[in-house]
Amino acid sequence: MKSEPSVFSIDDLQTKPNQTYCWDGVRNYQARNMMRDEMKIGDLAFFYHSNCAEPGIVGIMEVVKESYADFSAFDSDHQYFDPKSNPENPRWFMVDLKFVRKLPRTITLKELKLLPELADLALVRRGNRLSIMPVSASQWEFILSFCSYKACHKAVIF
DNA sequence: GCCAACGTTGGC
DNA sequence: GCCAACGTTGGC
């Protein structure tokens, strides 16, 4: 799940570790469908910093509330207002998340693109700008193990 | 349903 | 700031 750190970063999320946050403002149907149809309580998600100096995966979140109407779309004063959505027939949905942990270091987009094991990761596929993307179990495990071991192999791999 | 014009995302 | 790669809109 992407967020611009200048707007909301992993450190913002960590400031109040027990706080839950609604992931509002998603206005793309594919991303909406993933929140609405796929994400279940207890699921984990990577937190990705986008549109910044060092884009990459920086931490882990957990789903604490399953999809419900994104009410920011109903408020005409809100930046995420969408007149085509209303409480009777909401167009946009969101989930609630909470901080789990930061990764020991940022796994940069540059690294993710170089790793053959992640060639099928949606994030590194050509032109993918979705703000929410699926990660398979094996991709998840690989990224976490790579994160732990990279310090030892830094000179070899890069 | 087609597609040109336009707006957005986000890496660089 | 540039621009590729989208997604959306709306005329037809």
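Below, chain A is the first sequence line, B the second, and so on; all start at residue 1. Because only heavy atoms are used, hydrogens play no part in the values below, and waters and symmetry mates are left out as well, while side chains stay in.
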If you assign each of Gly127(A) and Asn51(A) to its closest nucleotide in DNA chain C, which residue comes earlier from the 5' end?
Asn51(A)
Measure from NZ on Lys2(A) to C1' on dT9(B) and round the result to the nearest Å.
7 Å
Going by salt bridge (charged side-chain N to carboxylate O under 4.0 Å, His left out), name the pairs with one or both residues in residues 26-37 of chain A, residues two or more places apart or in two chains.
Arg27(A)-Asp70(A)
Between P of dG11(B) and CG of Leu114(A), the distance in whole Å:
15 Å
With sequence neighbours left out, what residues match Arg125(A) under side chain to side chain contact (heavy atoms under 4.5 Å, CB included)?
Asp120(A)
dG10(B) P sits how many Å from Asn128(A) CG, rounded?
9 Å
State whether the side chain of Ser3(A) and the backbone N or O of Phe8(A) hold a donor-acceptor pair below 3.5 Å, judged by distance alone.
yes
Rounded to the nearest angstrom, tell me the gap between atom CG in Asn28(A) and atom P in dG10(B).
10 Å
Identify whether any heavy atom of Glu54(A) sits under 4.0 Å from a base atom; if not, whether one sits that close to sugar-phosphate; answer base, sugar-phosphate or nothing.
nothing
Between C1' on dT9(C) and CG on Asp82(A), what's the gap in Å once rounded to a whole number?
13 Å
Those residues that, when tested against Ser9(A), pass side chain to side chain contact (heavy atoms under 4.5 Å, CB included) (two or more places apart)
Pro5(A), Asp11(A), Asp12(A), His49(A)
Residues at least two apart in sequence or cross-chain that pass side-chain hydrogen bond (donor to acceptor under 3.5 Å, both in side chains) with Ser138(A), listed by chain then number, are Ser136(A)
Summary of ring-ring contact (aromatic ring centres under 6.0 Å, His included) pairs that have at least one residue in residues 110-133 of chain A, sequence neighbours excluded:
none
Atom-to-atom span, CZ of Arg125(A) to P of dG11(B) - whole angstrom
17 Å
Kindly determine whether Met35(A) and Trp92(A) satisfy side chain to side chain contact (heavy atoms under 4.5 Å, CB included), including the steps that lead there.
CA-CA 10 Å; Met35(A) 287 197 292; Trp92(A) 305 114; over 6 Å; no
Tyr48(A) side chain near dT9(B) phosphate (N/O to OP1/OP2, under 4.0 Å)
no
Determine, for nucleotides 2-7 of chain B in 5'-to-3' order, which nucleotides have protein heavy atoms under 4.0 Å from the base (write B), from only the sugar-phosphate (write S), or from neither (write -).
------
In this structure, how many angstroms lie between the P atom of dT9(C) and the NZ atom of Lys84(A), rounded?
4 Å
Gap between atoms CD and P, on Glu4(A) and dG10(B) respectively (whole Å):
7 Å
